[in-house]
Amino acid sequence: MYAPVPAPVPVPARPSPVGGFLGRAFRGDWGGSAAAALWPVGLLLAAALALAVPSYDQSATDDYFVGFGDRMGLALAALLQGLGGGFTISESGGGGFAGDYPDAEGALTLTLVPLTVTVLFLGALFLGVRQLRTRMLTRAAYAGAGAPGAGPVGGRTTGLEAAVRVTLLVTAAVLLLGLFAQPDIARVEVSASPWSAALGALLLTAAVSAGLLQRDDLAAWLAVRPGPRTLFRATGTAVRAMAVVLALCSLVTFVLLAANDEWQAEWEEDLNPLLLVLIVLPNLAVHLLGLSWGASVQGEAGRTRYGDDTSYDPSGDYGLVESGPYGGYERESFGLPELGDAVNSWSVVGALTLGAVCALTLGIIAARRSSGRGEQLLAAGVFFGLFLLLAGISGFGMEASGSATAEFTTEFSVAGEVEAGLDLPEALLFSLLWIFAAAFLAPYLVQMTGARTAVIAPPIPAMPSHGPATAHGVPSQPSVPAPAPASHEPPLVELGHHHLPPAEPPKSRSRALIWALTIAAAFVIGGGGAATILLWQR
């Protein structure tokens, strides 16, 4: 008798790489991720609370009193526009109206991205994720799990796992805030487009958290890939230059508006207008930068009316026609010529000076941080793309539509829109002129003034210890490991030919002349080209 052969024990299937990654992400430290996500979400809540506390001269006896909860929802709806949300006010009608139009309905859609909210959201997110990274490094050092070249706590994907948790928490919180930011006030409904705001929060949070928590592996990956490393450094240079330029333009914009008392005297609301300026200050800075480079700020307004009552006079302001649309369309532009007519000629000189300073700021930062002409031009190109992106989203738009039924079954509808922002074709042309003129002139200015530029030495590739050369009798060279990514800035070396420095330093008069000639050349190339094209267009 033979013993029966036991049935084979099934081996549990190993999870796929994606399944294993998600399993580790969901089993990770949710407490630390929640603490990091609390920074940007808490910022939105605190800002909405600060805007909702004032009653704005309302009284509880008013017919259309807006309570604290509704004011909180309106404030959140306005703030979530900085993450890509919307702001729509609609009235569904249904009768009950007094006057000539007992039944009416309409909708108003506001298109505005307050970049101040976007910047503050990113800043709070950066602080929260950085605190999470410090916590993870501390835990890794305490547990002795840190290893060179590994993630923050020893694993290759630990940073990405934490980034997934932070992104999910922030996205879910923004979605809940967007669902709450839809109050019903009397007959009016407010919509904040919560799914669009959640998508914007997801993209921003994923980019920032993954970049910070996995930057060690990212630096090691870029160290052996010259092409992506050059693009990464050029993008960092462009972002840094854009931050400096927008900070300068924001300061100039705020000082000009705070010093002007006329527009503040005409403000009828009790709310301080400078508070509203702070909310859209980066938007105004982008418009000032485009204006100083020669582009014009355009405002467009149009309306269309439809009706079927021939008893109304079509030539009147509120006339209706029997069939077809009736309305108008207007367009106004404000550029450097209009600035000179509204203020004086010195204001045009000041605007051009600001444009030259901003362009040369980009050129100097690119020359100091780039390893060659190619990287400088690449940084200028990335800056050009960032400026066009900001010019496209920093404008203002409003669309309104409505319909009403008057007595004796007269029906008509009205639609109108208002848009204001930089003229994108002009912004594209003039920014291209200024940016690449500064990118061409700034390296010579940096060299002439004796400054230095940062150059990254290319990594030394590792040589194999055994290979075809050894097989043919050629002794192999010892392998040289690739340099570890440095956490500090690279050493500064001089750009240009390696020659001995001159025996005598250049005279201060010659240096002042070089600066004057460089700034004059920037004026001639940038400002002269902008003025020529403007005159040709008109």
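Just so you know, residue 1 is the first one in the sequence shown, and it goes up from there. Heavy-atom basis, side chains included; hydrogens, waters and symmetry copies ignored.
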| Between W434 and C358, is any pair of side-chain heavy atoms under 4.5 Å apart? | no
| said: Nearest 0.5 Å, please: how far is CE in M136 from CG in L213? | reply: 6.0 Å
| field | Side-chain heavy atoms of D184 within contact of E189, under 4.5 Å | value | yes
| query | Do side-chain atoms of W293 reach the backbone of G355 as a donor and acceptor pair under 3.5 angstrom? | reply | yes
| For the side chain of Q298 and the backbone of S333, is there at least one donor-acceptor N/O pair under 3.5 Å apart? | no
| task | Enumerate the residue pairs fulfilling side-chain hydrogen bond (donor to acceptor under 3.5 Å, both in side chains) with a member in residues 33-46, sequence neighbours excluded, ordered by first and then second residue. | result | S33-R165, W39-Q131
| message | Show the nearest heavy-atom pair for residues A77 and V190, with the distance to one decimal. | response | CB-CG1, 4.4 Å
| Which is it for T205 and V129 under the side-chain contact (heavy atoms from CB on, under 4.5 Å) test, yes or no, and what are the steps along the way? | CA-CA 9 Å; T205 308; V129 175; over 6 Å; no
| request: Using a 4.5 Å cut-off on heavy atoms from C-beta on, say whether the side chain of H287 contacts that of V297. | output: yes
| message | Can you confirm whether R240 sits close enough to M242 that some side-chain heavy atom of one is under 4.5 Å from a side-chain heavy atom of the other? | response | no
| request: For side-chain contact (heavy atoms from CB on, under 4.5 Å), just list the numbers for L199 and S196, CA-CA rounded to whole Å, side-chain angles, deciding distance to a tenth of an Å, and then say yes or no. | output: CA-CA 5 Å; L199 178 60; S196 300; 5.7 Å; no
| query | If you take all heavy atoms of G395 and L112, which pair is closest and at what distance? | reply | O-CD1, 3.6 Å
| task | Hey, could you give me the CG/CG distance between L428 and L433, rounded to the nearest 0.5 Å? | result | 11.5 Å
| field | Note: R133-D216 ion pair, threshold 4.0 Å (strictly below) | value | yes
| Under 3.5 Å: donor-acceptor pair, side chain of T116, backbone of I279 | yes
| query | Within the side chain of Q214, is there an N or O that forms a donor-acceptor pair under 3.5 Å with the backbone of G211? | reply | no
| remark: Result for side-chain contact (heavy atoms from CB on, under 4.5 Å) between V286 and one of I393, L389, L291, L390 points to L390
| field | Sole residue of L122, L80, L79 in side-chain contact (heavy atoms from CB on, under 4.5 Å) with V117 | value | L79
| field | Distance in Å, N283 CG paired with F396 CZ, rounded so as to fall on 0.5 Å steps | value | 11.5 Å
| request: Quick one: closest heavy-atom pair of R71 and A52, and the distance? | output: NE-O, 2.9 Å
| Is the shortest heavy-atom distance from the side chain of F121 to the side chain of V170 under 4.5 Å? | yes
| task | Evaluate the side-chain proximity of T109 to F87: yes if any heavy-atom separation is below 4.5 Å, no if none is. | result | no
| request: Walk me through it: do T237 and R369 pass the test side-chain contact (heavy atoms from CB on, under 4.5 Å)? | output: CA-CA 7 Å; T237 300; R369 290 177 52 87; 3.2 Å; yes
| Distance only, no hydrogens: is a donor on one side chain within 3.5 Å (strictly under) of an acceptor on the other, for E426 and S296? | yes
| field | Nearest atoms (heavy-atom pairs only) where F430 meets G294 | value | CE1-O, 3.1 Å
| request: Any chance you could measure W195, atom CH2, to T171, atom OG1, to the nearest 0.5 Å? | output: 11.0 Å
| said: If I take atom CG from residue L38 and atom CG from residue L169, how far apart are they, to the nearest 0.5 angstrom? | reply: 10.5 Å
For residues 243-257, dump all side-chain donor-acceptor pairs below 3.5 Å to protein atoms at least two apart in sequence or in another chain.
from: S250; atom 1: OG; to: L246; atom 2: O; distance (Å): 2.6
from: T253; atom 1: OG1; to: C249; atom 2: O; distance (Å): 2.7

| message | Can you confirm whether L339 sits close enough to V343 that some side-chain heavy atom of one is under 4.5 Å from a side-chain heavy atom of the other? | response | yes
| field | E332 side-chain N/O to G299 backbone N/O, donor-acceptor pair under 3.5 Å | value | no
| So, T111 side chain and M398 main chain: donor-acceptor pair closer than 3.5 Å or not? | no
| task | May I ask you to test the L115-V113 pair for a side-chain heavy-atom distance under 4.5 Å? | result | yes
| message | Please give me the minimum heavy-atom distance between V166 and A36, naming the atom from each residue. | response | CG2-CB, 4.3 Å
| message | Pair L204, V208 - check side-chain contact (heavy atoms from CB on, under 4.5 Å), show working. | response | CA-CA 6 Å; L204 293 176; V208 173; 5.5 Å; no
| task | Taking all non-hydrogen atoms of both residues into account, name the closest pair between M72 and F180 and its distance. | result | CG-CE2, 4.0 Å
| request: Hey, could you give me the CZ/CG distance between R130 and L125, rounded to the nearest 0.5 Å? | output: 13.5 Å
